[in-house]
2 protein chains.
Amino acid sequence: MTSAARIGSHRARRRDAAATREALLAAGTELFAERGYDGVPVAAIAQKAAVNKAMINYHFGGKRNLYLAIVSATFGEMVASVERLAASPRPAPEVLRELIAVVGEIATRRHPHFCSMMLREVLAGGKHLDPALIDKPARILGAVQRIVARGVSDGDFRPVDPLLTHLSLVGSLVFFFATARFRERVLAKRRPAIKPPDAAAYVKHIQDLLTHGLAAERRGARRGA
Amino acid sequence: MTSAARIGSHRARRRDAAATREALLAAGTELFAERGYDGVPVAAIAQKAAVNKAMINYHFGGKRNLYLAIVSATFGEMVASVERLAASPRPAPEVLRELIAVVGEIATRRHPHFCSMMLREVLAGGKHLDPALIDKPARILGAVQRIVARGVSDGDFRPVDPLLTHLSLVGSLVFFFATARFRERVLAKRRPAIKPPDAAAYVKHIQDLLTHGLAAERRGARRGA
DNA sequence: CCCGTAATCAACCATATGTTTAGTTAACAT
DNA sequence: ATGTTAACTAAACATATGGTTGATTACGGG
């Protein structure tokens with residue numbers, strides 16, 4: 001892992017700033033997601049990265065800045081994906097289903113710690129976040145809202161509130177992916193032990209729930225108020 | 001507040017163990033919910049409770065035990081309410097709507113810190129929790145599952161998976177109530193500033209989403225596989 | 001080959017924090 | 001009144017932690 005990352009442009013180097021930075025980012029991502037900002041000593045990050053802890057200050061300028069770099073990187077791809085989808089001209093219900101799948105994909109494969117970090121940040125009220133970073137969640141919010149609003153105005157969705165819909169959607173997804181560890185622990189304790197549900201099944205469940213839950217009533221149905 | 005709580009059985013007492021314990025529990029509940037276990041120094045709890053910090057060890061035997069006492073108290077009422085509802089013989093869709101309302105009620109009025117604490121605990125993988133406490137979330141899970149399973153077997157709901165349904169329901173609710181602070185901050189930054197949605201509107205939204213999303217198809221509809 | 005510099009490291013420092021302790025005081029029974 | 005004890009306090013302690021420093025080393029250019 002580290003040794004591989006340390007293979008630089010021409011040959012393995014005993015000193016490689018880029019590899020050190022990478023190792024710190026990787027170690028920090030995992031640890032912060034697991035235990036939260038306050039729960040991780042810089043010594044633990046350094047040890048996991050097999051690097052001297054002074055390197056955190058040397059390369060990032062302190063624990064806080066390392067954390068911000070990690071959050072920024074982790075959030076970046078998610079924001080980009082969601083905004084790309086929001087721009088799609090396809091029917092809103094279809095786009096929403098794909099959005100759910102994409103979030104599931106990113107949350108399981110590309111950034112397995114995204115949901116934990118997002119939730120921790122949000123729980124902390126954005127205390128650790130830069131003003132520059134705090135707008136990334138806001139952009140996700142905006143993108144989902146746009147999709148839902150379009151579905152409503154196209155008549156594909158009931159006249160639901162886009163903001164509330166966004167919150168319920170993101171909430172159920174983030175909650176699921178962020179709480180896998182705890183779920184395993186609880187379910188394993190049950191007699192008979194229950195197998196924790198897998199991500200793909202949950203993604204499909206949310207897709208179906210939203211599809212049915214947002215669908216416009218059949219033509220000629222009651223239209224409240 | 002404290003002075004009021006310190007009015008004992010017959011007259012105000014300069015020393016009142018019960019009042020001191022209460023003050024510590026109240027202060028701890030608020031602070032732990034806000035900043036998490038690791039984020040709160042015992043000195044802060046003691047200060048907020050207007051009590052000497054050694055009292056935490058004297059009355060509870062340490063920070064950890066104070067935390068466990070708080071979580072236990074906070075989770076207790078929620079578990080009781082949910083299990084009471086699960087035992088109701090009324091139609092499952094109706095019970096589920098009420099369950100959502102009850103969770104909203106408890107999360108806003110009686111235990112405004114329940115969702116934050118629950119989410120933090122779950123994120124930590126139950127690291128701080130006693131085996132005795134870890135089964136409280138499991139009981140909530142069981143109760144919701146029973147309601148959903150009954151709705152399915154009664155033909156009121158589509159043949160959804162009760163566990164997945166539980167996760168999506170609890171996830172969307174807990175997420176909403178735990179992230180109010182962050183939401184306010186993000187929404188206030190938008191131009192024009194958006195008023196954060198209130199709890200009652202969200203409860204209704206989730207009720208409707210579930211009602212529509214779980215409802216059995218009209219008679220004679222397709223039955224997959 | 002040799003030097004300058006970026007990168008790295010071990011040790012140190014200042015501070016914060018959970019817990020302990022030794023002493024003090026108020027409530028109450030007698 | 002007084003002795004006993006639970007409740008409380010201030011100070012001390014041990015440890016953990018984030019950050020700094022000054023020396024050291026490897027890499028690349030000359």
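Quick note on labels: first sequence line is chain A, next is B, and so on, each numbered from 1.
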Salt bridge (Lys or Arg N to Asp or Glu O under 4.0 Å) assessment of A:R97 paired with A:D208: CA-CA 8 Å; A:R97 285 185 77 93; A:D208 292 347; 3.2 Å; yes
Could you state the [atom1]-[atom2] distance from [X] to [N], rounded to the nearest angstrom?
{"X": "B:N57", "N": "D:dA7", "atom1": "CG", "atom2": "P", "result": "15 Å"}
{"X": "A:Y37", "N": "D:dT17", "atom1": "OH", "atom2": "C1'", "result": "11 Å"}
{"X": "A:M55", "N": "D:dT25", "atom1": "CE", "atom2": "P", "result": "15 Å"}
{"X": "A:N52", "N": "C:dA6", "atom1": "CG", "atom2": "P", "result": "19 Å"}
{"X": "B:D38", "N": "D:dA16", "atom1": "CG", "atom2": "C1'", "result": "12 Å"}
{"X": "A:D16", "N": "C:dT5", "atom1": "CG", "atom2": "P", "result": "21 Å"}
{"X": "A:H59", "N": "C:dC9", "atom1": "NE2", "atom2": "P", "result": "9 Å"}
{"X": "B:F60", "N": "D:dC8", "atom1": "CZ", "atom2": "C1'", "result": "15 Å"}

Candidate nucleotides C:dT17, D:dA7, D:dT9, ranked by approach to the side chain of B:P41 - the nearest: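 Between C:dT17, D:dA7, D:dT9, the one nearest the side chain of B:P41 would be C:dT17.
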Nearest listed nucleotide, side chain of B:A54, among D:dA10, D:dT21, C:dG18: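 For the B:A54 side chain, the nearest candidate turns out to be D:dA10.
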Under-4.0 Å side-chain N/O to phosphate OP1/OP2 contact, A:T20 with C:dT8: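 So the side-chain polar atoms of A:T20 do come within 4.0 Å of the phosphate oxygens OP1 or OP2 of C:dT8, strictly under.
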Residues A:H128 and A:E121: side-chain donor-acceptor under 3.5 angstrom: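 Yes, A:E121 and A:H128 have a side-chain donor paired with an acceptor closer than 3.5 Å.
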No-hydrogen, no-angle side-chain donor-acceptor test under 3.5 Å, B:H205 and A:S168: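 Per modelled atom types, B:H205 and A:S168 side chains form a pair under 3.5 Å.
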C:dT19 base / B:K53 side chain donor-acceptor hit below 3.5 Å: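 Per atom types, the contact qualifies.
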N/O donor-acceptor pair under 3.5 Å between A:T29 side chain and A:L25 backbone: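 Confirmed, A:T29 side chain pairs with A:L25 backbone.
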